[in-house]
Amino acid sequence: MKKQIQALLLQSLTALQAKQILPISDHVEIKIDNSRGSEHGDFASNIALMLAKPARSNPRELAQNIIAHLPESDLLDHVEIAGPGFINFFLKETAHQAIVAEILDKGDRYGDSDIGANIPTLVEFVSANPTGPLHIGHGRGAAYGAAVSSLLKKTGFDVSCEYYINDAGRQMDILAVSVWLRYLQHCGTDIPFPDNAYQGDYINDIAIKLHNDHAEKFIVNSDNLSALFKEEDAELRIDGLIKYCITQLGDETYRIVFDAGLYSILATIKDDLLGFGVEFDNWFSERSLVSNNTVDQCIEKLTEQSWIYEKDGAQWFRSSELGDEKDRVLIRENGQATYFASDIAYHLSKIERGYEKIIDIWGADHHGYIARVKASLQALDQSPEKLEVLLVQFATLYRGKEKLQMSTRSGEFITLKELQDEVGKDAARFFYIMRKSEQHLDFDLELAKSESSDNPVYYIQYAHARICSVFRQMPDKGYAYNEADSLKDLSTLIEPHEIKLLAMLARYTDVIENAATTYEPHQLAYYLKDLANDFHTYYNANQFLVEDDVIRNARLALIAATKQVLQNGLSLLGVSSPEVM
RNA sequence: GCCCUGGUAGCUCAGUGGAUAGAGCAACCGCCUCCUAAGCGGUAGGUCGCAGGUUCGACUCCUGCUCAGGGCACCA
């Protein structure tokens with residue numbers, strides 16, 4: 001609708017340019033806004049205000065000229081000049097009514113657009129270390145990433161979703177040792193358990209399963225072991241334990257313990273995400289980048305182009321020359337590659353796999369990381385603009401007024417699954433998405449649990465269920481509804497509440513496009529709330545199942561269209577549309 | 001010190017450079033003989049953190065200040 005009015009305005013402006021009332025300029029952006037109140041019409045443009053200066057005219061006079069040169073259109077009832085020079089467009093009722101037929105015709109494809117032009121797009125999100133189950137903090141990234149991906153798919157991007165598994169590195173070794181120590185305890189070895197190992201009960205479960213599957217295969221002489229606990233520095237102590245574990249068990253046997261932890265936790269993560277309605281196309285392993293030498297090759301390339309130098313026994317990347325605040329280590333003094341080294345290889349792989357739009361969704365604590373990853377792409381002769389990093393602010397967890405700490409290592413956290421079991425998937429998904437991603441999210445467990453019926457998601461779902469209920473009761477009242485016939489009767493939709501609802505339905509495609517291009521799914525959430533409100537108001541003001549066939553059919557068609565849009569929108573956010581509540 | 005985010009009604013938050021700054025919760029007053037009251041209508045509630053600047057016009061853009069959260073590793 002906006003585009004059609006834009007086209008009308010463009011014709012008028014072109015005519016004015018031909019008459020030399022307006023100067024010729026190559027770039028005029030015609031902006032059309034949805035009007036705030038109905039007294040300002042349906043759409044408004046500030047074009048006369050924008051062009052008044054170059055045209056050396058006053059805005060109201062220019063607006064008058066623009067209106068005079070607008071071509072005939074059967075969309076518009078009339079056009080007004082208001083305030084300092086706004087042009088307000090008042091649509092004909094028939095123009096509003098047409099949206100019903102369009103929605104019912106397109107069904108779940110209503111709202112689709114092709115602005116994405118099939119650009120190969122990779123959205124990477126969650127990517128939590130597989131060292132423990134997902135907790136509430138990860139939930140926000142999951143809900144946000146899933147919604148952004150869905151929106152991009154709807155707007156014509158060719159989207160794949162990916163989870164990067166950090167299955168290499170020290171954290172994973174700590175996990176393996178945690179499992180091993182619990183296993184030894186389970187087998188009766190009398191040893192302490194370090195504070196900085198993973199404390200969660202799930203470690204015990206993995207250890208017990210390890211014992212069931214492999215009996216006493218991982219037991220070693222514990223006399224030497226206890227000496228390691230005398231190291232006072234906690235981090236050095238755990239490094240010593242890792243080293244001891246590997247040398248005692250041997251690489252292959254150590255790998256069994258390591259993988260037992262990794263795969264068990266990964267399976268839990270996949271299950272939890274699936275239950276949360278979040279699915280990934282790829283699970284990309286960091287270890288695979290190491291084992292197939294991609295990381296080494298990357299470092300070689302960088303070395304060839306003199307982006308690497310040696311200092312203090314380590315290999316450094318000159319990222320500071322490419323916008324980072326300082327240089328970064330790629331290979332540590334001990335010969336091990338850093339996490340950043342694999343991340344360079346990972347991002348290169350994203351580009352080499354053909355993705356032109358690469359979206360990373362990270363926690364806000366990683367923001368300092370953006371500059372170095374972009375620097376690495378540039379050093380590898382790739383365009384850093386392909387990478388867009390979206391930061392999601394922290395979710396701070398409260399139980400009433402008490403702020404809860406969340407740490408995977410200490411095992412003190414509420415898991416995503418626990419949240420889901422307590423407040424339900426729909427409420428949790430919507431709660432996460434409601435807040436702008438840059439906004440800190442205070443997640444009050446008590447509020448989410450005890451007052452979950454206040455969650456706006458129920459308000460929207462209720463609108464959907466009410467519509468279903470109307471259609472369920474229709475046969476009992478002796479009425480039938482035929483969609484094709486009803487579309488002929490739309491001209492009776494002229495009540496103020498009906499016009500308002502029609503206008504709201506027509507905005508949906510705009511909302512989707514806007515939410516997708518700005519990566520702001522909360523816009524859709526707020527729209528759905530508004531739409532539900534317009535419907536509930538209409539529901540209270542007018543009866544749908546009335547005796548008059550024409551009016552009844554038109555109203556049923558309108559609410560059927562409303563139901564469709566509610567369902568389309570909710571499904572993009574991963575929320576169900578129940579028929580009964 | 002430097003770099004991100006925020007600061008809008010009592011609370012939690014929306015708000016494309018535009019017209020009278022909005023919603024939910026909380027408070028108050030109404031609405032079920034009627035398709036689900038998990039709903040609807042109304043009243044009240046504001047120095048849009050502070051101070052400058054840009055312009056026809058600023059909650060929105062720029063600068064400075066201030067408060068809050070986060071980040072500044074040979075951790076991931």
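Computed from a predicted model, the values in this text were never measured in an experiment. Residue numbers begin at 1 in each chain, while the letters A, B, ... track the order of the sequences.
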Worksheet item: Base, sugar-phosphate alone, or nothing: which one does A:Tyr369 contact when heavy atoms must sit under 4.0 Å apart?
Response: base
Fill in: Candidate nucleotides B:C74, B:U5, B:G70, ranked by approach to the side chain of A:His367 - the nearest
B:G70
Worksheet item: So, are A:Glu124 and A:Lys350 salt-bridged, with charged N and O less than 4.0 Å apart?
Response: yes
Fill in: Nucleotide nearest A:Lys529 when distance is taken to its side chain, options B:U16, B:C35, B:A23
B:A23
Worksheet item: Does A:Gln439 have a side-chain nitrogen or oxygen under 4.0 Å from the phosphate oxygens OP1 or OP2 of B:A14?
Response: yes
Response to the item:
Between A:Ala364 and A:Lys326, whichever has its closest RNA chain B nucleotide further toward 5' is A:Ala364
Response to the item:
Which of B:C35, B:G15, B:U16 is nearest the side chain of A:Asp33? It is B:U16
Fill in: Shortest side-chain distance from A:Met50, nucleotide among B:A14, B:G18, B:C4
B:G18
Worksheet item: NA contact type, A:Ala44, heavy-atom cut-off 4.0 Å: base, sugar-phosphate, or nothing?
Response: base
Practice prompt. Between B:C40, B:C35, B:U12, spot the one nearest the side chain of A:Tyr459, thanks.
Written response: B:C40
Discussion item. In whole Å, measure the gap between the C1' atoms of B:G39 and B:G7 for me.
Written reply: 34 Å
Item to complete: Give A:Asn88 one of three labels, base, sugar-phosphate or nothing, depending on what nucleic acid heavy atoms sit under 4.0 Å from its own.
Response: base
Worksheet item: For A:Lys436 and B:G15, is the shortest distance between a side-chain N/O and OP1 or OP2 below 4.0 Å?
Response: yes
Worksheet item: Within the structure, does a side-chain N or O atom of A:Asn533 lie under 4.0 Å from either OP1 or OP2 of B:C40?
Response: yes
Discussion item. If you compare every side-chain N and O of A:Arg466 against the phosphate oxygens of B:A37 (OP1, OP2), does one of them come in below 4.0 Å?
Written reply: yes
Worksheet item: Any stacking of A:His440 on B:G69, going by centres under 5.5 angstrom and planes within less than 30 degrees?
Response: no
Response to the item:
Among B:C3, B:G18, B:C72, the one nearest any side-chain atom of A:Phe86 is B:G18
Practice prompt. Could you check whether A:Ala541 gets within reach of a base, just the sugar-phosphate, or nothing at all, counting any heavy atom under 4.0 Å?
Written response: nothing
Fill in: Pair A:Arg170 + A:Glu235: basic N to acidic O under 4.0 Å
yes
Discussion item. Side chain of A:Glu333 only, heavy atoms from C-beta on: which candidate in B:C74, B:C4, B:G18 is closest?
Written reply: B:C74
Practice prompt. Considering only NZ, NE, NH1 and NH2 on the basic side and carboxylate oxygens on the acidic side, decide whether A:Asp259 and A:Arg287 come within less than 4.0 Å.
Written response: yes
Worksheet item: So what does A:Thr537 hit on the nucleic acid, given a heavy-atom distance under 4.0 Å: a base, only sugar-phosphate, or nothing?
Response: sugar-phosphate
Worksheet item: With a 3.5 Å cut-off and no angle check, do the side chains of A:Glu513 and A:Ser113 form a donor-acceptor pair?
Response: yes
Discussion item. Counting the atoms with a prime plus P, OP1 and OP2 as sugar-phosphate, which does A:Tyr539 contact under 4.0 Å by heavy atoms, base, sugar-phosphate, or nothing?
Written reply: base
Worksheet item: Can you give the dot-bracket line for RNA chain B, using ( ) for pairs inside the strand, [ ] for pairs that cross earlier ones, | for pairs with another strand and . for unpaired bases, where Watson-Crick and G-U count if both distances are under 3.5 Å?
Response: (((((((..((((....[...)))).(((((.......))))).....(((((..]....))))))))))))....
Fill in: N or O in side chain of A:Thr338 less than 4.0 angstrom from B:A73 OP1/OP2
no
Worksheet item: With A:Val392, which of A:Tyr432, A:Tyr144, A:Phe125 fulfils side-chain contact (heavy atoms from CB on, under 4.5 Å)?
Response: A:Tyr144
Worksheet item: Is there a donor on the side chain of A:His536 or the base of B:C40 sitting less than 3.5 Å from an acceptor on the other?
Response: no
Worksheet item: Can a donor-acceptor pair be found between the side chains of A:Glu286 and A:Tyr346 at a distance below 3.5 Å?
Response: no
Worksheet item: Contact class for A:Asn34 vs. all strands (heavy atom < 4.0 Å): base, sugar-phosphate, or nothing?
Response: base
Worksheet item: Given that A:Gln171 and A:His522 both sit by RNA chain B, which one's nearest nucleotide is further toward the 5' end?
Response: A:His522
Discussion item. Less than 4.0 angstrom from a charged side-chain N to a carboxylate O is my criterion; do A:Asp233 and A:Arg237 meet it?
Written reply: no
Worksheet item: Charged N to carboxylate O under 4.0 angstrom, A:Asp327 versus A:Arg318?
Response: no
Item to complete: Kindly indicate whether the side chain of A:Asp365 and the base of B:G70 share any N or O donor-acceptor pair separated by less than 3.5 Å?
Response: no
Discussion item. By the 4.0 Å heavy-atom rule, please label A:Asp510 as base, sugar-phosphate, or nothing.
Written reply: nothing
Discussion item. Counting only side-chain heavy atoms from C-beta out, which of B:C13, B:C40, B:A19 sits nearest to A:Asn540?
Written reply: B:C40
Worksheet item: Reckon A:Arg328 touches a base, only the sugar-phosphate, or nothing at all at heavy-atom distances under 4.0 Å?
Response: nothing
Worksheet item: Between A:Tyr339 and A:Gln171, does a side-chain hydrogen bond (donor to acceptor under 3.5 Å, both in side chains) hold up when you go through it step by step?
Response: CA-CA 11 Å; A:Tyr339 172 84; A:Gln171 294 304 320; over 6 Å; no
Worksheet item: What integer number of Å spans the P atoms of B:C50 and B:U60?
Response: 11 Å
Discussion item. Under 4.0 Å, heavy atoms only, any strand: does A:Ala82 hit a base, just the sugar-phosphate, or nothing?
Written reply: base
Item to complete: Look at all strands and tell whether A:Glu325 reaches a base, only sugar-phosphate, or nothing, counting heavy atoms closer than 4.0 Å.
Response: sugar-phosphate
Practice prompt. For the residue pair A:His347 and A:Asp360, confirm or rule out a side-chain donor-acceptor distance under 3.5 Å.
Written response: yes
Discussion item. Could you check whether the side chain of A:Asn46 and the base of B:G18 have a donor-acceptor pair of N or O atoms closer than 3.5 Å, going by distance alone?
Written reply: yes
